[in-house]
S.K.: 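Below are the structure tokens for one structure; questions will follow.
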Amino acid sequence: MIASRKDDHVRHAVSQQRDGGPNDFDSVTFIHHALAGIDGDDVSLAVDVAGKRWETPLFINGMTGGSQHTGDINRQLAIAARETGIPIASGSMSAFFRDPSVADTFRVLREENPHGFVMANVNATATLDEVRRAIDLLEADALQIHLNAVQEIVMPEGDRSFGSWPQQIERITEHTSVPVIVKEVGFGLSRPTVTWLRDAGVAVADVGGRGGTNFARIENDRRTTADFSFLVDWGQSTANCLVDCAGVTGIDLFASGGIRSPLDIARALALGANATGVAGRFLETLVSQGTEALIEMIRTWLDQLRQILTVLGAPTPADLAGSDLLITGEVDTFCRLRGID
Ligand code: FNR
């Protein structure tokens, strides 16, 4: 059951990417200052994340594992991460907790990428023992906990009990040896949620907003009964989440959900993210064109991001915070209605 769901998710997510389209990052424009540029050699893409140094502000976000097909995908993603030096996350490891025979479909992330930064991924009901098994299997450097209540309610076989999540996040954070990242899967984290996560000791909040892979649509397309299509616009876009969380201190922010280009990475960093995650866009390239094409794409993106920083006069990604930005459209409306300057 889980294995076929994982294959379904890949198929639907890939076909969504083919549709492509605009999102709220289009409402974020850098004001161009023609004399602001610096020398390309003076730019470094390195960032600090949860007290560790990453060579790039870009990672492959949690997607898959749990079936033979998705194990193959994880192997290819891990090779791409290794060859480009970017961090990578596993998909939800619930399938492994239920059936240890699928361990290899996750373990490939470490086998193919022995020295890379690898993140394990669990849901917010995982027990401490499951968390330990997930981290051990991947020799994980960090743990992602995903929040996906909207996906669960649209999924016919989904969970319907979310009341224990806050307490379990606190428990996991307290007892886990590696940094904990809490992420949404495309519906966004609000400022009160991020502030709560900070107070619970979570190291990183990945705002995981609307604008990219849409799990309300994916689960609705998988259903044969009861239409949930009224939920496909639920949640805050990634750009809106970032402006909502501006100025929250004591927790690092990741941006994911609808990152389509190096310019979107720069926009997210300028809006306060420490790093950005990509899932659907990379998956589509991998599935339709293969591992070499994905490696080439990631290298090109990093090179182009370096050039954007050069033009903007930002020696590091952190220097993009406070960039001169023009905010229009939906993001401007969101700021005004939420009273954000
Ligand atoms: C995901 N995502 C995801 N997230 C998570 O925490 N655990 C998971 O198991 C999965 N599974 C999964 C499968 C597939 C096929 C995709 C494309 C994505 C969500 C992912 O990490 C990310 O939050 C969203 O996809 C939004 O980012 P993009 O796709 O717009 O870059």
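Both ligands and their constituent atoms are indexed starting at 1 by order of listing. In this text the structure is predicted, and so the values were computed from the model without any measurement.
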S.K.: Is there a polar contact between ligand 1 and His9, counting only N or O atoms under 3.5 Å apart?
M.R.: no
S.K.: Starting from atom 21 (O) of ligand 1, which protein heavy atom do you reach first, and at what distance in Å?
M.R.: Gly62 O, 2.7 Å
S.K.: Go through the side-chain N and O atoms of Asp303 and Gln307 and say whether any donor and acceptor fall under 3.5 Å apart.
M.R.: yes
S.K.: Less than 3.5 Å apart, any donor N or O on the side chain of Asp227 or Asn220 sitting next to an acceptor on the other?
M.R.: yes
S.K.: Salt-bridge test for Arg260 and Asp26: reply yes if a basic N is under 4.0 Å from a carboxylate O, no otherwise.
M.R.: yes
S.K.: Compute the shortest N/O to N/O distance between Val278 and ligand 1 and return yes if it is under 3.5 Å, no if not.
M.R.: no
S.K.: So is Gly257 touching ligand 1 or not, going by heavy atoms under 4.0 Å?
M.R.: yes
S.K.: Give a yes or no on whether a salt bridge exists between Glu330 and Arg210, defined as a side-chain N under 4.0 angstrom from a carboxylate O.
M.R.: no
S.K.: Checking the N or O distance criterion of under 3.5 Å, is ligand 1 in contact with Ile259?
M.R.: no
S.K.: Report yes or no: does Asp72 contribute a side-chain atom to a donor-acceptor pair with the main-chain N or O of Arg75 at less than 3.5 Å?
M.R.: no
S.K.: For atom 31 (O) of ligand 1, find the nearest protein heavy atom and state the residue, atom name and distance (0.1 Å precision).
M.R.: Ala279 N, 2.9 Å
S.K.: Arg223 side chain to Thr225 main-chain N or O, any donor-acceptor pair under 3.5 Å?
M.R.: yes
S.K.: Would you please indicate if the ring centroids of Trp234 and Phe215 are separated by under 6.0 Å?
M.R.: no
S.K.: When rounded to the nearest 0.5 angstrom, what is the spacing between CG in Leu143 and CG in Leu138?
M.R.: 10.0 Å
S.K.: Check whether any N or O atom of Val10, backbone or side chain, sits under 3.5 Å from an N or O atom of ligand 1, and answer yes or no.
M.R.: no
S.K.: Under a 4.0 angstrom heavy-atom cut-off, which atoms of ligand 1 come close to Gly258?
M.R.: 28 (P), 30 (O)
S.K.: In terms of residue, atom name and distance, what is the protein heavy atom nearest to atom 12 (C) of ligand 1?
M.R.: Met63 O, 3.2 Å
S.K.: Please confirm whether the backbone N or O of Asn214 pairs with a side-chain atom of Gln16, one donor and one acceptor, at under 3.5 Å?
M.R.: yes
S.K.: Between Asn121 and ligand 1, which residue portion shows a heavy-atom distance shorter than 4.0 Å: side chain, backbone, both, or neither?
M.R.: side chain
S.K.: Consider every N or O of Phe215 and every N or O of ligand 1, then say whether any pair is closer than 3.5 Å.
M.R.: no
S.K.: Quick check on contacts: which atoms of ligand 1 are under 4.0 angstrom from a heavy atom of Leu283?
M.R.: 15 (C)
S.K.: Regarding Asn121 and Ser90, do their side chains bring together a donor and an acceptor under 3.5 Å, going by distance alone?
M.R.: no
S.K.: I'd like to check whether Ser92 has a polar contact with ligand 1, where a contact means an N/O of the residue lying under 3.5 Å from an N/O of the ligand.
M.R.: yes
S.K.: Which atoms of ligand 1 have any heavy atom of Gly91 under 4.0 Å away?
M.R.: 9 (O)
S.K.: So if I count the atoms of ligand 1 from 1 in the order they appear, which ones are less than 4.0 Å from some heavy atom of Gly212?
M.R.: 30 (O)
S.K.: Under 4.0 Å from any heavy atom of Gly280, which atoms of ligand 1 are there?
M.R.: 28 (P), 29 (O), 31 (O)
S.K.: Taking atom types as modelled and ignoring hydrogens, do the side chains of Ser164 and Gln168 form a donor-acceptor contact shorter than 3.5 angstrom?
M.R.: no
S.K.: Does Lys183, backbone or side chain, put an N or O under 3.5 Å from an N or O of ligand 1?
M.R.: yes
S.K.: If hydrogens are left out, which of Thr64, Thr213, Asn148 has an atom nearest to atom 25 (O) of ligand 1, that is, the closest non-hydrogen atom?
M.R.: Thr213
S.K.: Check whether any heavy atom of Phe282 sits under 4.0 Å from an atom of ligand 1.
M.R.: no
S.K.: Hey, which atoms in ligand 1 end up nearer than 4.0 Å to a heavy atom of Ala13?
M.R.: 15 (C), 17 (C)
S.K.: Evaluate the ring planes of Trp54 and Phe59, with Trp represented by its six-membered ring, and classify them as parallel (under 30°), tilted (30 to 60°) or perpendicular (over 60°).
M.R.: perpendicular
S.K.: Is it the case that the side chains of Asp99 and Ser101 hold a donor-acceptor pair, with the cut-off being a distance below 3.5 Å and no angle test?
M.R.: yes
S.K.: Which of the numbered atoms in ligand 1 are below 4.0 angstrom from a heavy atom of Glu184?
M.R.: 23 (O)
S.K.: Just which atoms of ligand 1 are under 4.0 Å from any heavy atom in His146?
M.R.: 5 (C), 6 (O), 7 (N)
S.K.: Provide, to 0.1 Å, the distance between atom 24 (C) of ligand 1 and the closest protein heavy atom, together with that atom's residue and name.
M.R.: Val185 O, 3.6 Å
S.K.: Would you say the side-chain atoms of His9 and Glu219 include a donor-acceptor pair closer than 3.5 Å?
M.R.: yes
